[in-house]
2 protein chains.
Amino acid sequence: MISSSELSKLTGVNHYQIRKDLAYFGEFGKRGVGYPIQNLINTLKGILGSSKRWEIIMVGVGNLGEALLRYRGYQKRSFNIIGAFDKDSSKVGKRINNIEVYNIQYMKSFIMKKNIRIGIITVPAQAAQKVAEIMVSGGITAILNFAPIVLKCPDFVKVNTIDISIELDRLVYYLSIKTHSDN
Amino acid sequence: MISSSELSKLTGVNHYQIRKDLAYFGEFGKRGVGYPIQNLINTLKGILGSSKRWEIIMVGVGNLGEALLRYRGYQKRSFNIIGAFDKDSSKVGKRINNIEVYNIQYMKSFIMKKNIRIGIITVPAQAAQKVAEIMVSGGITAILNFAPIVLKCPDFVKVNTIDISIELDRLVYYLSIKTHSDN
DNA sequence: CCATGTGAAGATCTTCACAGCG
DNA sequence: CGCTGTGAAGATCTTCACATGG
């Protein structure tokens with residue numbers, strides 16, 4: 001059993017919010033007690049779509065791509081990187097964390113054959129748009145993009161961009177504001 | 001000169017929002033024409049705090065850390081990674097992208113001496129909290145955290161966490177919702 | 001009595017309509 | 001006339017107060 005206040009401490013989200021969010025999907029807490037942990041986990045898995053197993057591909061096996069492939073944090077999650085792609089023949093054929101690197105020319109047919117819905121882009125900025133287009137043409141509808149550009153994709157495609165420079169700009173902005181008002 | 005609608009196309013943010021946001025900081029557009037580009041850039045640099053030059057340190061030179069060190073996207077930006085730290089002696093002394101890797105035991109004094117305000121954490125999850133504490137004790141007040149945990153820091157410290165698993169969960173959730181409502 | 005679930009109040013963010021100015 | 005700047009309307013998110021039920 002766990003209460004909304006305990007969850008609050010663990011996550012940094014306040015207890016009102018925790019309750020509102022959970023209640024939004026139904027009543028699975030017990031009044032006066034809290035939420036049954038195991039039950040909560042299972043219900044959330046269903047809600048987040050993580051009871052299903054999602055297969056993912058990654059394109060671009062440079063430093064960042066390799067870092068992500070080595071990252072073990074996926075293991076217990078609902079998604080699996082089942083293939084990586086690069087145009088560089090020196091990388092093709094490698095296996096990283098048991099994930100094989102294929103030539104990028106096979107990407108589209110791979111997506112179609114395996115019915116992939118999610119792709120990760122870790123290629124340089126100038127190649128990213130083209131990669132995104134091939135992904136979409138193969139049937140991918142959700143992209144996690146690490147290239148520092150705005151990808152042009154059809155509306156039905158969900159693009160989630162992580163641009164490290166922008167994240168640092170956020171911090172810089174925060175510090176500037178604070179410094180300014182510290183007088 | 002550039003108009004709010006052009007900026008809208010470039011960024012994906014709608015034109016109302018562009019104007020509201022810019023107007024919030026003052027009137028630097030010309031009615032009937034648009035925004036003078038150079039002027040806009042300079043003004044925004046000031047607002048974002050990027051007219052100043054910010055020095056940054058990074059801790060953890062594993063795959064991800066190395067990828068970020070190699071990333072050239074900072075070059076034109078307002079921030080500079082001026083040092084990296086690791087506890088692994090095989091990494092100490094390396095130079096990556098002209099950034100030297102120091103033993104982590106010198107981190108605190110480095111932060112203090114150079115008056116660093118921003119730190120990037122790319123160490124494994126179990127080491128991240130400790131690293132954050134040392135950073136804060138040295139005077140850092142803004143952290144970009146790549147470790148998949150919730151860092152406990154004093155309120156005056158701005159923590160920005162990027163957890164790749166969570167970003168993927170977002171996409172999975174989006175796809176689940178869509179699949180559900182596609183019936 | 002305790003912690004959830006929820007309607008209402010409050011705060012904030014987004015969209016809109018249009019006045020104002022080059 | 002065109003595009004900005006802005007007050008107001010609308011939508012959404014957050015906080016709160018408290019009724020509800022184990």
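Each chain gets a letter, A, B and so on, in the order its sequence line appears, and its residues count up from 1.
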What's A/F25 touching, base or sugar-phosphate or nothing? Going by heavy atoms closer than 4.0 Å.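 A/F25: no heavy atom of the nucleic acid under 4.0 Å.
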
Heavy atoms under 4.0 Å, any strand shown: does A/Y24 hit a base, just sugar-phosphate, or nothing?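 Touches nothing.
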
Hey, which sits more toward the 5' end of DNA chain C by its nearest nucleotide, B/N14 or A/G26?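 The answer here is A/G26.
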
Using heavy-atom distances to pick each residue's nearest nucleotide on DNA chain C, tell me which of A/G34 and B/D21 is more 5'. A/G34

Gap between atoms [atom1] and [atom2], on [X] and [N] respectively (whole Å):
X     : N      : atom1 : atom2 : value
B/L7  : D/dC3  : CG    : P     : 13 Å
A/F28 : D/dG22 : CZ    : C1'   : 18 Å
B/I2  : D/dG2  : CD1   : C1'   : 16 Å

What nitrogen or oxygen pairs link the protein and nucleotides 17-20 of chain D at under 3.5 Å?
residue: D/dT20; atom: O2; partner: A/R31; partner atom: NH1; Å: 2.4

Would the number of heavy atoms belonging to other residues, nucleotides or ligands and lying under 6.0 Å from OH of A/Y106 be above 12? no

Quick check: are there more than 12 heavy atoms from other residues, nucleotides or ligands sitting under 6.0 Å from NZ of A/K91?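 Counting other residues, nucleotides and ligands, NZ of A/K91 exceeds 12 neighbours.
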
Please list all pairs passing the salt bridge (Lys or Arg N to Asp or Glu O under 4.0 Å) test where one or both residues lie in residues 161-177 of chain B, with sequence neighbours left out.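 Non-adjacent pairs meeting salt bridge (Lys or Arg N to Asp or Glu O under 4.0 Å): A/R77-B/D169, B/E167-B/R170.
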
The complete set of salt bridge (Lys or Arg N to Asp or Glu O under 4.0 Å) pairs with one or both residues in residues 98-126 of chain A, sequence neighbours excluded, reads A/R95-A/E100

Residue met sooner reading DNA chain D from 5', once B/K20 and B/K30 are mapped to nucleotides: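 Final value for this comparison: B/K30.
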
Minimal heavy-atom distance between B/V61 and B/F85, with the atoms involved, is CG2-O, 3.8 Å

What are the two closest non-hydrogen atoms of A/S165 and B/Y74, and how far apart are they? OG-CD2, 4.0 Å

Any non-hydrogen side-chain atom of A/L171 less than 4.5 Å from a side-chain atom of B/I56?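 No. Closest side-chain heavy atoms not under 4.5 Å.
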
Phosphate OP1/OP2 of D/dC3: any B/S4 side-chain N/O under 4.0 Å: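 Negative; the distance criterion is not met.
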
Provide the start and end nucleotides, 5' to 3', of the part of DNA chain C that has atoms under 4.0 Å from heavy atoms of chain A.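 Terminal contacting nucleotides, 5' to 3': C/dC2 to C/dA8.
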
Taking ILVMFWY side chains as joined if any heavy atoms are under 4.5 angstrom apart, and letting links pass through other members, which residues group with B/V33?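 Besides B/V33, the hydrophobic cluster comprises B/M1, listed by chain and residue number.
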
How does the hydrophobic cluster around B/Y16 look, that is, which other residues are in it when side-chain heavy atoms under 4.5 Å mark a link?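 Taking Ile, Leu, Val, Met, Phe, Trp and Tyr as members, B/Y16 stands alone, with no cluster partners.
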
